Amino acid sequence: TLMVVEDRAERLISGVEVRADGDAQTTPSRVSVTVEGTPSIVDGIDAADLVASVDAADVDETGTMPVRITGLPEGAVVLVVEPERVSLVP
């Protein structure tokens, strides 16, 4: 049997804008996302492709919310979001 294993690559994508409910602003307003997938997939992803969002209902006792990343093409996964939590600007 022949198994073909595709190479995996990681890529850091900086400057992904964080979107909050309504007109709310976050601090910081942008995050960096490390993605993994095949080289042909990750090389084609840029900051405009990704959506970083927060839900104000997820605010914890520290006043921060987790950042969720969507918009990845099939075959790519998020490894790291930095920072992984943001605050709403009062």
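Just so it is clear, the model here is predicted, and its values are computed rather than measured.
Contact detail for Pro28 and Val18: the closest heavy-atom pair is O-CG2, 4.3 Å.
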Can you give the donor-acceptor pairs under 3.5 Å from side chains of residues 10-17 to other protein atoms, not counting sequence neighbours?
residue : atom : partner : partner atom : Å
Arg11   : NH1  : Val42   : O            : 3.0
Arg11   : NH1  : Ile45   : O            : 2.1
Arg11   : NH2  : Ile45   : O            : 3.4

Please output the side-chain donor-acceptor pairs of residues 72-90 that fall under 3.5 Å, not counting sequence neighbours, one pair per line with the distance.
residue : atom : partner : partner atom : Å
Arg85   : NE   : Thr64   : OG1          : 2.8
Arg85   : NH2  : Asp60   : OD2          : 2.8
Arg85   : NH2  : Thr64   : O            : 3.0

Indicate every side-chain donor-acceptor pair of residues 49-56 with a distance under 3.5 Å to a residue at least two apart or in another chain.
residue : atom : partner : partner atom : Å
Asp49   : OD2  : Asp46   : N            : 2.9
Asp55   : OD1  : Ala57   : N            : 2.9

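Taking Arg68 as the reference, Asp58 meet the salt bridge (Lys or Arg N to Asp or Glu O under 4.0 Å) condition, with sequence neighbours excluded. Residues meeting the salt bridge (Lys or Arg N to Asp or Glu O under 4.0 Å) test with Arg8, sequence neighbours left out: Glu36. Residues satisfying the salt bridge (Lys or Arg N to Asp or Glu O under 4.0 Å) criterion with Asp21, sequence neighbours excluded, are absent altogether.
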